[in-house]
Enquirer: 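Here it is, the structure, as structure tokens.
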Amino acid sequence: MASSSAGPAPSSSTGFGISGISDLPNHASSSTQPFTKPRNPQLSNEPWFAYPTPTAEQIEEELPPYFEGENVPLGPLLDRLVRKGYGDLRYLLAEILPPLSAKQKPKHIINYATTTRQALLKYLAVLRWKSAVDVPSSYPYASSSTNLPSHINGQNGMINNFPTPHSNGDDTSPASISSTNKGKGKAQATGVDNEDVLIKGKVTDSRRLAQFMEHQNKQHDDAVAHLQHVTKLVESLRERNPDLLTAIALVTTGTYQRLPTSITESFKPQPPLTNSAILSLLRKLNRQIKYRLRCIDYIPPDLVVEGIRDGQVYFIGGGEHGWRIRMSIVGFGVESKWWLTGVEWLWRHRERGVNDPGGESSRLEEDDAASRGKKFTGEERQSILDLANLEILPPRVDQAEDSQADTTKKRSNHVAQSAQLESEAIAATDGESLTQVTLGEVEKEEAKDKVMDAPLVRIYNFIQHLSLSYQLEILFTQAMALSQGKWRNQLRVEIDRDTKTLKVKYWIRPRPAVIPQQQQAAVGKRPTLVSSGGSSRTPLVGGVISVSLSEANIPQNESAAFMGLVASGQVTSDERVLNLRLGVKWEVGELGIGGGLKVGDVMDGGSLQIDPASLDMENLIMTSARAHAAHLTRVQASALISSPKFILSLLNQPTLQESEDPTSSCPLTLRIPIPSRQNVSSLIIGVSAYNGHIEIEDDGSIGNEVRAERVELAMKSINDGKTRLVDDIGRLTVAVVMENLEDQMRQLGWKPIRRLALRSQDLAKVQLHPATTVLTPILSAPTYYFVAKVTQAGLAFELLKVIKVPSETGMGVGMKSAVGDRIPLDLERLKSREKGKEVDGTLNGTLFEIGNKDLKNLYIYSNALVAQTIIENQLKERNIPFTAQYPPTTQSGPNVTRSSSALAGMIPTICVDVRDLLRNGTRGAAVDVAMPKVGMQIENWWTGGKCEVSTIVRLRQQSSMTQTSTNGLSDINTPQAHSEDISFDPTSSIVKFRAKEIERCVPAFLEQWERLSKVIVVAGEVNRLNKYAEFSDIKMLSFDLRTATLSYSSDYEASITYLPVDDSYQVTLSRNNVPIPSKPSTENTTNIDNPHERLSSLLSARLTELAATPLEGIPKGAVGREFFGLLKNTLPFFEQVEKLKERGWDLIVLDIRTYRIMKDYKGRRYALDIILIPALSHYLIQSSLKPKGPDKKLDFEIIGQITELPLNKIIPKIYNNLKSSSSSSSSSYHLKNLINSNDKEIINIPPLMKLDKDQSLICKVNLIQNVLIEFMDKVDEYIGFKKDQ
């Protein structure tokens, strides 16, 4: 039998026995040599046992050395001990001690110190014992054998001790297996300089002796096997019969030369081969290998022949990055067999070096195939070769013989059957071609039955299984390293080497303790955590990755099977090719459920493929964990977005983004944009691939510790299961929106607050939670607030009023604050009304952001709305109906002013009917002066500050002033006028009442209007009567809301001033060239430039009386007609006063319409009464002696005794003189009483008429001058005044 080395020739042994006999003296054939046989007392005196007894040094050298590197290092033990102590200390300080009281803490500290001290003492005991039993020393083991005689040195310098029977070189049995892992290979150093540290001591000596005895047992087993082999050979030998030729040959030559070659060949030394013989032998081996591969052996389809050279065939299996083996053939005959000579792995380990198993080669040239992969050497290689050559590759003898016999028998049957069928077919078809049965079909049936031994299939299955086992171990090593590195406490690695299964569990989390239901219901007790399984309780896992070595069920393609059958020569193997592979199974754990996944479900492992080109367990774990985390992220994102609590109306919808960085913790993240005025920020949500926890990141929290801490607390709460993701995300989003909104308000100069002075439950009822609400006080009214809220649909704004309501307390009934009216504000309406297309730079178009411009407009609108509400409330309290009139949305015209503010058309004017507004006044005269509608406009709303109200009243009559005066109250020097903030525009006849205190704008206006209406009525009447022909000469000169100056004749002016002190009027009469006094005076004036001044006091009184007269039953305009009729129609008479004085007549004003002129002559007093009739169109001239009044008495007490004039003679003469002129100048009039008239027309009154039997004369107002001249002439003539002159 051949040796178990790399080739069929025997190789030198590395054991302790003799490896050959070439260097030993041949004691059997040479007896003349002067060598003295040493005496060996342990053996007999036979020459075969004449060997020296080993010395003590030689025995010491025979023991294998034991080096320091072979001991178990105590460093990792110490490192583990330190790590455990540090970890226990951190857990003690962070988790156990904080919640305990001061009395309970010492117990736990003492327990920790005791446990740690015991562990340290154990380690110290082991360290001291090791130092006591083992002493390191330098042992130059190779030097002792260098000086020994050559006859006691074996090959390679090894000492030949303990000879065995097979040491004569006749060994045909397998040699001992060489080993290098226990120092024997290391002990072959040839110089003293190469020294290793050798350990000597009790333990090491025991180990060395045990190893030596194990080796000796192996040697004994080999000797017994050799003896058994020799015994079998001896039994087959036969002794020849004695004959003459044999005797002659022994006598003459001393030997027998006719022995069979098979016996003598092994004893004859073989001549060394020459180079040409070696090359010839290698070529012969190459041809034999080709022959076997092509004609004899069955080659598995996955076993690729890379090449045949140097007497060896190179196979590649397991794919491109599988493995490579070298095989040769032992023998050239039928008994030749395959022999494995080398193995190397072609797969790679990503993190290993060049010379490590599975490492990457330093040379990757395609032409140098031998440089790729890892070649096994030493004992590891030898163990693989021995296992393959001794157990795998030897042919199955029984199967081969049975197969050959069956094949021969079937072949003969097929041949006979085919011959018979062929003859029958020829006879049946008369020589025609065969169509049914042919010899080829018979051959095909014969080929199907060919079954042969397949050593290549067995070696393929063996190497493939070995390669995958190595890969599985490397994956296990990588997983263990990861569990102690970056995946610490998040990986649990388990391997079952019997079933070749590696399990890696990721996302390890302790199982929460169970609290008993009864204990939870107990009142006043703290719940105690109860574990279900003690310390062995299995933790929760997110997923399990199982890598197992198994056979893949790959369906074979029919075409591939046919081509394989053709390539194999239609030979069927007796061995089945095992499609072994490393299968990956990915299962879902308890922490990985969600989105339809349940515990134990098998995930799609299509992406989890083990790449032999780069074995990387970390990549396998990361791929599965990242895919699992991405799936859970999608599940969380789907649940988050579909939740009704999630805010969807953002600027950009939430997006899922895959991470381009393979080392990032979250492979897939949900990016939720959140409003940010400085820059775009988002909430990034994802499931971590390292621990399975939900990670939340706010990229806008840089520099904002409060915001970052809020995110951390939310993330911890979610992962602990205390809150839900959608709730915390909503809270985080709302918090960011509220912070931005609050900062924005502060930038605008406001002072926002988060809550009102109400109880929390009251705020919850009205949905004003401080976390979602910002309130800003309204400057116009402290009880109103501008409210901004965050809702599901975006930002909502409203106007809120805080009221006082009764509250029952223990102290009685009091008052408390409560929420009153709430008015929603429409931001979209505000935006739609923007005239300009300018967009705020800070506005991003999201419903959760608002620009500064829009926010300010909303606040301004709220401020104006509060003012409008206050005005409306005041009107409602007085039951005054009103309407809100908004400016038109579109205005056209060249002079129309356009406002760029969106609020220009949203602030209404409160329109009130003047009769409803002024119905409670002292008189209703002011109602007729103003237009039907009174407008109340809100002023200063555009500033955002405190608003004011301007009440606009337009007078019915347009001013007819000849001098336009636009001075408002600011131009008036009177302090009272300035304090009232009243202005008047005479061009438009608009009076504005400005109220700074908006809470009293309505009563303040009513008070002011009640005073101003006194003068406004006068001005209105002037403007109204000016349109009539009889009053066309009455014109308004100026009007300052307190004094109305008018012209009632060409050169005469009247100033009417209202005196609120006594609620009266003062009429001041003057001429155009005389200035009007700036301050009205109640004293009688002596200015006679205007002769009408005599009636100023009477006119003032009459105007006051008329203004106080109730208007019921009085025709419209009757008061104005009467007063201005008096003012106008009394002027012609008073213009003649100076002429009367010149002719000696004095004037006594008896009444505003009754005047008495008198003249004293020669001791007599003559008098005439001139009366302006109530119709104010004619003067009545009669005697002063005529009784007046209801008692018909004479008024002598006024002027004394009066001489009666003969009016019956004077009046006819005057009448006759003026009759012609009066009839030509005027016509008759239809007169009626202006004040107390029932619309009954008076009889036509001619311009000049005699009454009372010529005792009275009535004349038209414009004839009074002529009539007075005639009367003076006739009276002078009667009394003889002219004669005397």
Side-chain angles (χ1 to χ4, degrees), residues 675 677 734-758 762-763 765-791 793-804 817-834 840 842-843 846-873 884 901-908 938-949 998-999:
R677 300 189 57 80
V734 169
V736 173
V737 174
M738 297 307 296
E739 283 184 0
N740 295 338
L741 191 60
E742 198 169 6
D743 294 341
Q744 193 174 355
M745 290 181 176
R746 289 194 178 95
Q747 292 175 4
L748 294 174
W750 306 341
K751 296 180 180 180
I753 59 176
R754 280 300 185 97
R755 65 174 298 159
L756 296 172
L758 301 177
D762 295 338
L763 292 176
K765 291 179 182 178
V766 295
Q767 298 180 355
L768 294 177
H769 196 277
T772 60
T773 307
V774 178
L775 303 98
T776 304
I778 298 296
L779 296 179
S780 295
T783 58
Y784 285 86
Y785 293 89
F786 172 64
V787 181
K789 294 173 57 179
V790 178
T791 63
L795 291 177
F797 301 92
E798 66 179 19
L799 188 61
L800 180 142
K801 180 181 180 181
V802 178
I803 60 176
K804 295 292 185 179
S817 299
V819 176
D821 297 335
R822 302 174 70 175
I823 304 174
L825 303 177
D826 192 355
L827 179 60
E828 295 300 327
R829 179 189 172 195
L830 176 65
K831 292 181 179 180
S832 63
R833 295 183 62 90
E834 290 183 353
D840 195 348
T842 60
L843 182 60
T846 173
L847 297 179
F848 292 88
E849 285 187 88
I850 182 173
N852 287 337
K853 181 179 178 182
D854 291 337
L855 182 62
K856 188 175 181 179
N857 286 341
L858 275 179
Y859 180 78
I860 292 174
Y861 176 67
S862 301
N863 196 15
L865 195 59
V866 169
Q868 176 185 350
T869 304
I870 295 175
I871 296 173
E872 292 176 354
N873 291 337
S901 174
L903 301 176
M906 299 181 67
I907 309 302
I938 303 172
E939 302 289 343
N940 294 336
W941 56 264
W942 51 85
T943 61
K946 193 172 182 180
C947 295
E948 299 178 356
V949 178
I998 194 171
E999 293 82 1

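When reading the values below, keep in mind they use all heavy atoms of this one structure, side chains included, and skip hydrogens, waters and symmetry mates.
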Enquirer: Any idea which heavy atoms bring Y861 and M906 closest together, and the distance?
Expert: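 Scanning both residues, the minimum pair turns out to be CE1-O, 3.5 Å.
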
Enquirer: Do you know which two heavy atoms are closest between I907 and A864, and how far apart they sit?
Expert: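 Between these two residues, the closest heavy atoms are CD1-CB, 3.4 Å.
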
Enquirer: Just by modelled atom types, is the C947 backbone N or O under 3.5 Å from a matching donor or acceptor in the S780 side chain?
Expert: yes

Enquirer: Quick check: do S817 and L756 have side-chain heavy atoms less than 4.5 Å from each other?
Expert: no

Enquirer: Rounded to the nearest 0.5 Å, what's the gap from CG on L758 to NZ on K765? Could you check?
Expert: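 L758 CG to K765 NZ: 11.0 Å, rounded to 0.5 Å.
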
Enquirer: Do I850 and L858 have side chains that approach each other closer than 4.5 Å (heavy atoms only, starting at C-beta)?
Expert: yes

Enquirer: Please name the pair of heavy atoms, one in P752 and one in M745, separated by the smallest distance, quoted to 0.1 Å.
Expert: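 Closest heavy-atom pair between P752 and M745: CB-SD, 3.9 Å.
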
Enquirer: Sequence neighbours left out, cut at 3.5 Å: what donor-acceptor pairs do the side chains of residues 769-778 make with other protein atoms?
Expert:
from : atom 1 : to   : atom 2 : distance (Å)
H769 : ND1    : A771 : N      : 3.0
T772 : OG1    : H769 : O      : 3.4
T773 : OG1    : H769 : O      : 3.0

Enquirer: Quick one, V949 with I870, criterion side-chain contact (heavy atoms from CB on, under 4.5 Å). Give me CA distance, side-chain angles, the key distance, then yes/no.
Expert: CA-CA 10 Å; V949 178; I870 295 175; over 6 Å; no

Enquirer: Is the number of heavy atoms from other residues, nucleotides or ligands under 6.0 Å of K856 NZ greater than 12?
Expert: no

Enquirer: Taking C-beta and beyond as the side chain, do L795 and V790 meet within less than 4.5 Å on heavy atoms?
Expert: yes

Enquirer: Tell me the closest heavy-atom pair linking G945 and L779, and the distance in Å.
Expert: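 Nearest heavy atoms, G945 then L779: CA-CD1, 3.7 Å.
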
Enquirer: For W942 versus I860, what's the shortest heavy-atom pair and its separation?
Expert: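 Residues W942 and I860, closest heavy atoms: O-CD1, 3.6 Å.
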
Enquirer: Go through it in stages, so that I can follow the logic: the residues are Q744 and N852, the test is side-chain contact (heavy atoms from CB on, under 4.5 Å), and I'd like the CA-CA distance, side-chain angles, deciding distance and then a yes or no.
Expert: CA-CA 7 Å; Q744 193 174 355; N852 287 337; 2.8 Å; yes

Enquirer: Would you check if the side chain of R822 reaches a backbone N or O of V766 as a donor-acceptor pair within less than 3.5 Å?
Expert: yes

Enquirer: Report yes if some heavy atom in the side chain of T783 is under 4.5 Å from a heavy atom in the side chain of I803; otherwise report no.
Expert: no

Enquirer: Is there side-chain contact between I938 and Q868, with at least one heavy-atom pair below 4.5 Å?
Expert: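 The answer is yes, as the side chains (C-beta and beyond) meet within the 4.5 Å cut-off.
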
Enquirer: Can you measure from CG (N873) to CD (E999) and round to the nearest 0.5 angstrom?
Expert: 11.0 Å

Enquirer: Can you confirm whether more than 12 heavy atoms, excluding those of D821, are under 6.0 Å from its CG atom?
Expert: no

Enquirer: Grab the two heavy atoms, one from E739 and one from R754, that are nearest each other, plus how far apart they are.
Expert: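 Taking E739 first and R754 second, the nearest heavy atoms are N-NH2, 4.2 Å.
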
Enquirer: Do L855 and L741 make a side-chain contact, defined as non-hydrogen atoms from C-beta onward lying under 4.5 Å apart?
Expert: yes

Enquirer: Using the ring-ring contact (aromatic ring centres under 6.0 Å, His included) criterion, which residues pair with Y859? Sequence neighbours excluded.
Expert: W750, F786

Enquirer: Mind checking ring-ring contact (aromatic ring centres under 6.0 Å, His included) for Y785 and listing every partner two or more places apart, or none if nothing turns up?
Expert: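 Partners of Y785 under the ring-ring contact (aromatic ring centres under 6.0 Å, His included) test: none.
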
Enquirer: Are the side chains of L768 and L800 in touch, meaning some heavy atoms are under 4.5 Å apart?
Expert: yes

